[in-house]
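One structure is given below, encoded as C-alpha cells.
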Number of protein chains: 2
Amino acid sequence: MVNGEGAFPSLALALLGLVRDGARHGYAMYREWNEPNGLGAVWRIKQSRWYALLARLEASGYLTSTVQPQGGRPPRKVFRLTPAGRDAYLQWVRSPVEHGRQFRLEFLAKLHFARQEGPGVVADLIDRQRAVCRGWLEEQQAHMAEASPEQPFLYLVHRYRAGQVAAMLDWLDACAGMPDRYAASV
Amino acid sequence: MVNGEGAFPSLALALLGLVRDGARHGYAMYREWNEPNGLGAVWRIKQSRWYALLARLEASGYLTSTVQPQGGRPPRKVFRLTPAGRDAYLQWVRSPVEHGRQFRLEFLAKLHFARQEGPGVVADLIDRQRAVCRGWLEEQQAHMAEASPEQPFLYLVHRYRAGQVAAMLDWLDACAGMPDRYAASV
DNA sequence: AGAATCATGTAAGGGGTTACATGATTCG
DNA sequence: CGAATCATGTAACCCCTTACATGATTCT
C-alpha cells in the first residue's frame with residue numbers, strides 16, 4: 001500500500017475499453033463514451049470525474065500518457081494501455097458480475113465492450129453470466145422456502161429478488177439468441 | 001439554509017417508522033430493525049451510521065429526544081416523532097418511489113411499514129406504485145422502438161430495463177393478490 | 001473468567017457530486 | 001458579437017464505511 005494502490009471501483013475499468021485499439025486523448029474518449037450508441041446512456045459521468053478517473057487509472061499503472069501540445073488550446077493528454085492495463089481490461093471484459101446490483105450498469109458495460117471484441121467473447125460472457133445468475137436464482141428460491149411460514153415480509157423480499165434475477169436470465173437468453181449483426185432486420 | 005437543513009436521503013425517513021407508535025431509544029430501534037422479519041435483511045446499517053442518522057433526523061426536526069439516565073449503563077436517548085416527523089413519515093410511507101433504482105431498497109422499506117399501517121395503506125401504495133411502473137414500462141418500450149434499427153446496444157439496454165420493470169409489475173400484482181394475513185397458509 | 005450484551009458515539013478516510021476556473025477557437 | 005466547443009482540471013462538500021472507544025452487566 002505504498003502509492004496508487006487500493007481496490008478499484010471495477011466499473012472504472014470500463015474506461016480502458018476506449019483505448020483498447022489505440023491511443024486517444026481524454027476529451028476524445030469522453031465524446032466517444034457519450035455518443036448516441038455509446039455507454040453514456042447507461043453510465044453518465046461528469047467531466048470532472050472523468051478526468052479524475054483517468055488520472056487514477058494512470059496512477060494505478062493501467063494507462064500511460066504523453067502530452068501533445070497544440071497552438072492556443074490546452075495540450076492534449078494522450079493515453080494508451082500499459083501491458084498491465086491490457087490484462088486488467090481483458091480480465092474485466094470477460095468475467096461476469098458477482099452481485100445483482102452490478103448488473104444494471106457494469107454488466108451492460110461489459111457487454112458493450114465484449115461486442116467490440118467479437119462474437120466469441122460475447123457468447124462466453126453471456127454463458128458465464130447465465131451460470132452466475134442461475135446460482136442467484138437458486139439462492140433466492142431457497143430463502144423463499146425457508147421464510148415462507150412465519151416471515152411473510154422476508155418471503156416477499158426474496159420473491160422480488162428472484163423475479164428480478166429471472167428477468168435477467170430471460171434477457172440473457174434473448175441476447176444469446178440474437179445474431180450479432182442484428183442491425184438490418186427487426 | 002440556516003441549520004440542519006439540506007435535502008434528505010429519503011431512505012432515512014424509514015427509521016421514523018420505528019417510532020410511529022411510541023417512543024423508543026436508539027438501541028432498541030436498532031434491534032427491532034435487525035429482527036429476523038425486520039428490514040435488516042433489506043437494508044443493512046452499521047451501528048455508527050445508525051446513530052448518525054438518528055442525530056440528523058433530530059437536527060432536521062423530525063425527532064425529539066429526552067435522555068433517560070440509568071445506573072451504570074450509558075443513558076438512553078429516547079426518541080419520539082415531532083408533528084413534522086409524523087407528517088414526513090406518513091407522506092413517505094404512502095408515496096411510490098420515482099426511480100427504478102429505488103425499488104430494491106426503498107420500496108420494500110415502504111411496503112414493510114405500510115403493512116403496519118394497515119391493509120388499506122398497503123393496497124393504496126401498491127396501486128400507486130403500479131401506475132408509476134406502468135409509466136416506466138411505456139417509456140422503455142418507446143425507447144426500444146426508437147433505438148431498434150441503428151443502435152443495437154441501446155435497444156438491448158432498454159429491453160433489459162423493460163424486463164426488470166415488467167418483473168416489478170408482476171411482483172406488485174402478486175403482492176396485491178396476497179391476503180394480508182398471509183402467515184397461516186402457503 | 002471470558003464473551004456477549006447494553007448503549008452510546010468519534011475519527012479517519014474513500015468515493016462521488018456540484019460548482020467553479022481557464023482561455024483560445026470556431027460557429028451562427 | 002455572443003454561444004458553443006475544445007481541453008483540461010481544482011476545490012468544497014456530502015455520504016458512507018471502517019475502525020476504534022467506553023465501561024458496566026449479564027450470560028455461559
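Throughout, protein chains are lettered first and strands after them, A, B, ... in sequence-line order, and every chain is numbered starting at 1. The shown structure was predicted, so the numbers you read here are calculated from the model rather than taken from an experiment.
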Inset, instruction - Say whether A:Tyr27 and A:Glu32, considering side chains only, have a donor N or O and an acceptor N or O under 3.5 Å apart. - result: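 Result is no, nothing qualifies.
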Inset, instruction - Taking the six-membered ring for Trp and the single ring otherwise, decide whether the centroids of B:Tyr160 and A:Phe103 are under 6.0 Å apart. - result: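 Close enough - the centres of the two rings lie under 6.0 Å apart.
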Interatomic distance, [X] [atom1] vs [N] [atom2] [rounded to whole Å]:
| X | N | atom1 | atom2 | answer |
| --- | --- | --- | --- | --- |
| A:Leu105 | C:dG15 | CG | P | 17 Å |
| A:Gln70 | D:dA7 | CD | C1' | 8 Å |
| A:Ile45 | D:dT8 | CD1 | C1' | 16 Å |
| B:Leu54 | D:dC16 | CG | P | 14 Å |
| B:Trp50 | C:dA7 | CH2 | C1' | 14 Å |
| B:Arg44 | D:dT17 | CZ | P | 12 Å |
| B:Arg73 | C:dG9 | CZ | P | 16 Å |

May I ask you to evaluate whether [X] reaches the phosphate of [N], defined as a side-chain N or O under 4.0 Å from OP1 or OP2?
| X | N | result |
| --- | --- | --- |
| B:Arg56 | D:dC15 | yes |
| A:Tyr51 | D:dT8 | yes |
| B:Gln47 | C:dG9 | no |

Legend entry - Contact nearer the 5' end of DNA chain C, comparing A:Lys46 with B:Arg49: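 First, find each residue's nearest nucleotide; the 5'-ward one identifies B:Arg49.
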Inset, instruction - Using modelled atom types only, decide if a donor and an acceptor are shared between the side chain of B:Tyr155 and the backbone of B:His143 within a distance under 3.5 Å. - result: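 No; zero donor-acceptor contacts below 3.5 Å.
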Legend entry - Nucleic acid contacts - residues 11-35 of chain B versus DNA chain D, non-hydrogen atoms under 4.0 Å: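 Heavy-atom cutoff 4.0 Å gives no residues at all.
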Inset, instruction - Give the minimum heavy-atom separation between A:Ile126 and A:Leu172, together with the two atoms involved. - result: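 Here A:Ile126 and A:Leu172 meet closest at CG2-O, 3.7 Å.
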Legend entry - First encountered from the 5' end of DNA chain D, between B:Pro74 and A:Lys77: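 Its nucleotide being nearer the 5' end, the pick is A:Lys77.
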Inset, instruction - Look at all strands and tell whether A:Arg76 reaches a base, only sugar-phosphate, or nothing, counting heavy atoms closer than 4.0 Å. - result: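 The answer is sugar-phosphate, as A:Arg76 gets under 4.0 Å only of primed atoms, P, OP1 or OP2.
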Inset, instruction - Among A:Thr82, A:Leu16, A:Leu15, find the residue that satisfies the side-chain contact (heavy atoms from CB on, under 4.5 Å) test when tested with A:Leu63. - result: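 It is A:Leu16, the one option of A:Thr82, A:Leu16, A:Leu15 that forms the side-chain contact (heavy atoms from CB on, under 4.5 Å) with A:Leu63.
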Identify every side-chain donor-acceptor pair in residues 67-79 of chain B under 3.5 Å, counting partners at least two apart or on other chains, and give the distances.
| from | atom 1 | to | atom 2 | distance (Å) |
| --- | --- | --- | --- | --- |
| B:Gln70 | NE2 | B:Pro74 | O | 3.4 |
| B:Arg76 | NE | B:His25 | NE2 | 3.4 |

For a quick test of your reading: what N or O donor-acceptor pairs under 3.5 Å do the side chains of residues 91-101 of chain A make, sequence neighbours left out?
| from | atom 1 | to | atom 2 | distance (Å) |
| --- | --- | --- | --- | --- |
| A:Trp92 | NE1 | A:Ser10 | O | 3.4 |
| A:Trp92 | NE1 | A:Glu106 | OE2 | 3.0 |
| A:Ser95 | OG | A:Gln91 | O | 2.9 |
| A:Ser95 | OG | A:Trp92 | O | 3.3 |

Legend entry - No-H, no-angle donor-acceptor pair, B:Ser48 side chain to D:dT18 base, under 3.5 Å: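 Pair found.
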